[in-house]
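Notes follow the structure.
All of these numbers come straight from a predicted model, not from anything done at the bench. Residue numbers begin at 1 in each chain, while the letters A, B, ... track the order of the sequences.
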Amino acid sequence: MKKILLGNEAIVQGALEAGVDFVSAYPGTPSSEIGIIFGKIAKKHGIYFEFSTNEKVALEAAVGASFSGLKCLVAMKNFGLNVASDALLPFVYTGTKGPTVIIVADDPSCWSSGQSEENSRAFAYLAHIPILEPSDAQEAKEFVKLGFKVSEKFNIPVIVRTTTRIAHQKMPVEIGKIKRSKTTGRFVKDVNRFVTMPPRVLEMKEELLDKIERIREFAEKTGIIQGRASDKLGIITSGISYLYVMEVLKEFKMNIPVLKLAFFYPLPEKKIKNFIKGLKKVLIVEELEPFLEKEIKALAKENNPKLQILGKDVLPEVRELNTEKVGLAVAKLSGKQYRIPKSSSLNVPKRFPRLCPNCSYWFVFSAIKKAAPKGTIFGGDIGCYMLAGFPPHNLQDYLSCMGSSIGIAHGIKKGSGQKLITLIGDSTFFHAGIPALINTVFNKSNPLIIVMDNRITAMTGHQTHPGVGQTGMGEPTEEIKIDEVAKACGVKNIKVIDPINIKELQNTIKEFLNKKEVSVIVARRMCAYWAKRLKRKK
Amino acid sequence: MPETFNIIISGTGGQGLITLTQIIAEAALIEVYDIKTSELHGLSQRGGEVETHIRFGEKVYSPLVALGSADLILGLETLESLRAFFYANSKTIFLVNKFTLSFPGSPKEKEILRKLKTITKNPKIIPASEICQKELGKEVVSGIYLLSYAVHKKLIPLKPNSILKAITKIVPEKYLDLNKKAFELAAKPGFKHG
Ligand SMILES: Cc1ncc(C[n+]2csc(CCOP(=O)(O)OP(=O)(O)O)c2C)c(N)n1
Ligand code: SF4
């Protein structure tokens with residue numbers, strides 16, 4: 001039976017068919033639906049699911065569950081892997097007990113990512129972790145299952161890397177049988193296996209490198225070669241780029257060999273060498289940085305030194321690919337004429353995203369505008385309140401990664417002494433804001449921090465977090481109060497204000513801006529959009 | 001029908017583009033086509049630009065409609081229809097909801113419509129929002145209304161019945177009746193579409 005599935009839905013289906021036991025996630029577009037869906041279905045399938053405080057904790061939770069023998073899935077967006085990376089490297093060294101797949105969603109063209117156009121493939125080199133790259137939703141499902149298989153066979157965590165156009169692509173997907181899950185495993189002590197410390201850690205590294213070579217052998221049997229070796233041209237590609245390649249070849253009515261790789265790491269080197277052996281020219285089609293191209297250039301040196309390799313000289317390194325861009329590259333490979341179909345864009349004024357009409361952030365922005373003296377610096381962080389940076393607000397002088405608003409505020413205060421107000425969302429505060437808040441107290445700086453406590457992780461589709469009082473599976477839990485956290489961190493000036501009391505908010509901002517120590521205002525009112533949704537659900 | 005049928009739906013956040021996309025994809029599956037769609041999720045804010053791609057045919061690889069290769073542009077908002085011009089060629093059909101969500105600095109609706117008429121041969125501009133508001137008291141189903149119009153006028157090579165089946169499958173029970181009504185409203189013979 002076939003069902004139309006979103007790439008992320010197909011990933012969930014793949015995990016169910018593999019019999020996943022334990023799932024943890026922190027939301028982030030384009031990976032967020034994975035957690036949202038598991039939150040809804042976990043109980044029914046006898047699976048444990050949680051939204052963790054951040055991606056590092058999500059991964060650590062899976063590490064523990066894997067050590068206890070459970071089959072684990074962790075989902076996050078690209079930047080999440082940066083946060084989780086400290087836990088990632090030792091996990092690859094110790095290896096898994098219960099098979100573990102980590103979904104990492106990249107976002108070329110930054111459709112829903114502000115801070116950088118990250119290519120998470122680079123983590124393969126840093127962590128020696130196998131990476132699989134599906135091309136479409138059907139394959140996303142299959143590669144999750146393949147990932148579990150590789151993980152089980154070699155006791156190593158495996159990354160399945162998607163991009164926006166896979167995660168948010170729909171197609172008919174063949175639905176298979178769902179395997180039974182279990183929620184309880186058993187941790188069997190094994191110091192040699194679970195403790196990373198020298199000198200054992202160095203042995204572990206040797207074992208890991210050895211494992212990677214065995215996985216490379218396995219990878220030789222994956223990937224597909226398409227088309228006939230009719231002439232001396234070929235294409236090597238993987239992931240979403242493969243779809244653009246096939247679309248172009250169909251349009252050009254060309255039938256040249258295409259090698260589509262499943263593994264980005266470890267690469268099936270023999271397969272690639274065999275493929276390029278007879279060729280005169282090969283085109284490497286990959287998005288973002290030319291990692292494959294560099295590898296293949298090195299392989300060709302041994303194997304076919306005369307081979308002409310086209311890659312980033314005919315394809316852009318910034319922004320996602322599409323059929324048109326790949327069309328031009330294939331035309332250059334084959335000496336064909338190709339004109340991008342005629343089209344023209346009109347000069348249509350840009351529509352900036354806006355806060356919902358009844359969002360409480362309007363009140364906060366307005367109070368800040370009225371209360372802050374000229375020259376005040378405005379710090380921004382990640383969430384709906386990023387819109388502070390757009391007109392009509394224009395209240396954002398720096399913006400970086402999650403939680404950084406406070407850390408950077410401290411540095412600016414220390415470095416310049418200028419007046420500063422910084423915003424941070426509730427989910428972001430729990431995710432990465434607390435260590436930075438402690439640092440302002442510890443090292444004595446005095447920014448004014450306004451926590452935009454809208455009782456939910458709004459931007460990514462309204463997921464729960466530690467301040468909500470409900471777990472990812474919908475169970476009641478302790479509601480952690482931000483003002484109490486701030487107090488425990490040693491903050492003296494704390495006030496919880498409902499931002500519709502705009503006058504009080506304004507006065508407090510004025511008062512706190514003159515304090516010698518750090519101040520925290522918790523602007524608490526539920527996200528209006530979510531409040532409406534909750535009401536409708538009832 | 002061309003080898004692959006390419007649709008762009010353009011509009012603004014909160015207009016139900018994702019549901020419309022899913023409905024068309026399901027209908028195409030009912031008719032045993034290969035299908036790919038692409039959509040951008042995750043912007044909770046209302047009113048931002050949204051655009052989805054739907055392609056169906058014998059065999060479809062890319063989820064993205066290439067520049068200048070749309071067969072149909074289904075515009076739920078006038079200015080966003082204009083923005084999607086990017087994907088149009090001289091044969092592309094524009095089916096546009098006469099509904100404008102203006103913002104500071106945006107052109108007037110009259111101006112947008114004039115522009116649409118000068119750049120395309122086939123703009124079909126239908127006051128779907130107005131009709132749905134007047135007849136059903138709900139403006140949100142204007143997308144369904146337009147989709148129904150499109151299949152009944154054979155602007156999409158899918159059977160009206162497949163769309164109806166897809167609606168029944170996808171739309172939650174609570175809203176099904178309203179959506180079916182919007183579908184039937186556009187199918188009424190002799191109904192004046194404004
Ligand atoms: C490391 C990392 N993980 C996840 C994300 C995705 N992300 C963007 S905004 C956001 C949620 C912010 O929620 P909150 O701070 O509560 O602000 P709100 O959107 O509710 O205003 C997340 C998780 C990210 N940008 N970086
Ligand atoms: S989703 Fe919630 S937090 Fe985001 S703009 Fe809308 S009301 Fe505000």
Side-chain angles (χ1 to χ4, degrees), chain A residues 2-4 6 8 28-30 32-33 111-112 135-137 164-172 240 242-251 322-324 326-327 340-346 348-357 359 384 387 391-392 458-462 527 529-530, chain B residues 3-4 12-14 18 21-22 25-26 28-29 32-49 52-55 59-70 77 79-80 82-90 101 103-107 112 115 119 166 170 174:
Chain A
K2 278 190 174 178
K3 234 171 123 176
I4 303 267
L6 188 70
N8 282 339
T29 316
S32 305
E33 292 81 10
W111 294 107
S112 0
S135 293
D136 60 24
T164 302
R165 298 298 180 184
I166 290 157
H168 289 166
Q169 169 198 108
K170 280 186 186 140
M171 71 177 281
I240 190 73
Y242 167 73
L243 297 189
Y244 304 137
V245 167
M246 295 309 289
E247 192 71 43
V248 166
L249 293 183
K250 188 172 123 192
E251 199 183 317
N322 57 27
T323 310
E324 298 90 302
V326 174
I340 289 186
K342 242 175 102 178
S343 87
S344 38
S345 78
L346 307 166
V348 181
K350 202 172 157 38
R351 191 186 291 275
F352 289 108
R354 277 162 61 89
L355 294 173
C356 302
C359 179
C384 281
L387 297 184
M459 179 94 172
T460 45
H462 302 91
C527 159
Y529 178 91
W530 187 238
Chain B
E3 207 182 337
T4 306
T12 58
I18 305 281
T21 306
Q22 176 81 7
E26 288 289 348
L29 181 64
V32 216
Y33 286 117
D34 189 19
I35 305 133
K36 288 248 169 61
T37 78
S38 182
E39 45 204 63
L40 295 172
H41 289 218
L43 277 180
S44 301
Q45 299 85 7
R46 314 292 84 199
E49 312 162 7
T52 69
H53 299 222
I54 307 162
R55 312 185 66 221
K59 174 77 197 158
V60 181
Y61 292 104
S62 169
L64 296 176
V65 173
L67 296 184
S69 73
E77 198 269 354
L79 191 70
E80 293 315 310
L82 211 52
R83 202 186 303 282
F85 185 62
F86 215 56
Y87 297 102
N89 56 47
S90 59
L101 191 66
F103 56 93
S106 68
I112 301 171
K115 188 113 189 204
I119 57 167
I170 287 157
K174 252 205 290 193

So which atom in [X] and which in [Y] form the shortest heavy-atom distance, rounded to 0.1 Å?
X: A:Tyr244; Y: B:Leu64; answer: OH-CD1, 3.3 Å
X: A:Arg165; Y: B:Leu40; answer: NH1-CD2, 4.1 Å
X: B:Glu80; Y: A:Arg351; answer: OE2-NE, 2.7 Å
X: B:Glu3; Y: A:Lys250; answer: OE2-CE, 3.6 Å
X: A:Pro349; Y: B:Phe103; answer: O-CZ, 3.8 Å

Pairing residues for A:Asp136 by the side-chain hydrogen bond (donor to acceptor under 3.5 Å, both in side chains) criterion, not counting sequence neighbours =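 Scan of A:Asp136 (side-chain hydrogen bond (donor to acceptor under 3.5 Å, both in side chains), adjacent residues dropped) gives none.
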Contacts of type side-chain hydrogen bond (donor to acceptor under 3.5 Å, both in side chains), residue B:Thr21, not counting sequence neighbours =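 Testing B:Thr21 for side-chain hydrogen bond (donor to acceptor under 3.5 Å, both in side chains), a comparison that skips the adjacent residues, returns B:Thr52.
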ask   = Do A:Met246 and B:Lys59 pass the side-chain contact (heavy atoms from CB on, under 4.5 Å) test, and can you show the C-alpha distance, the side-chain angles, and the key distance before you say yes or no?
value = CA-CA 11 Å; A:Met246 295 309 289; B:Lys59 174 77 197 158; over 6 Å; no
**Item:** Greatest number of heavy atom pairs closer than 4.5 Å to chain B - which of A:Lys3, A:Lys2, A:Lys350
**Value:**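 That would be A:Lys350.
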Partner chain B: residue of A:Leu243, A:Asn322, A:Ile240 with the largest heavy-atom pair count (under 4.5 Å):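 Highest number of pairs under 4.5 Å: A:Leu243.
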Checklist line | Ionic contact status for A:Glu247 with B:Arg55, cut-off 4.0 Å | finding: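 Between A:Glu247 and B:Arg55 there is a salt bridge, with a charged N closer than 4.0 Å to a carboxylate O.
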Do the side chain of B:Thr37 and the main chain of A:Lys170 share a donor and acceptor less than 3.5 angstrom apart?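 Indeed, once roles are kept as given, a pair shorter than 3.5 Å links the two residues.
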Determine, step by step, whether B:Thr12 and A:Arg354 satisfy the side-chain contact (heavy atoms from CB on, under 4.5 Å) criterion, reporting the C-alpha distance in whole Å, the side-chain angles of both residues, the deciding distance to 0.1 Å, and the verdict.
CA-CA 11 Å; B:Thr12 58; A:Arg354 277 162 61 89; over 6 Å; no
| said: Report which part of A:Thr323 has an atom under 4.5 Å of a heavy atom belonging to chain B: side chain, backbone, both, or neither. | reply: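 It is the side chain, since no backbone atom gets that close.
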* **B:Glu39 vs A:Thr164, side-chain contact (heavy atoms from CB on, under 4.5 Å): CA-CA, chis, key distance, verdict** => CA-CA 9 Å; B:Glu39 45 204 63; A:Thr164 302; over 6 Å; no
B:Ile112 versus chain A, heavy atoms under 4.5 Å apart: side chain, backbone, both or neither?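 Interface part for B:Ile112: neither.
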Between CD on residue A:Glu251 and OG on residue B:Ser69, distance to nearest 0.5 Å:
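The OG atom of B:Ser69 is 8.0 Å from CD of A:Glu251, to the nearest 0.5 Å.
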Among the options B:Lys174, B:His53, B:Glu77, pick out the one with the most heavy-atom pairs lying under 4.5 Å from chain A.
->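 With the most close heavy-atom pairs to chain A, the winner is B:Glu77.
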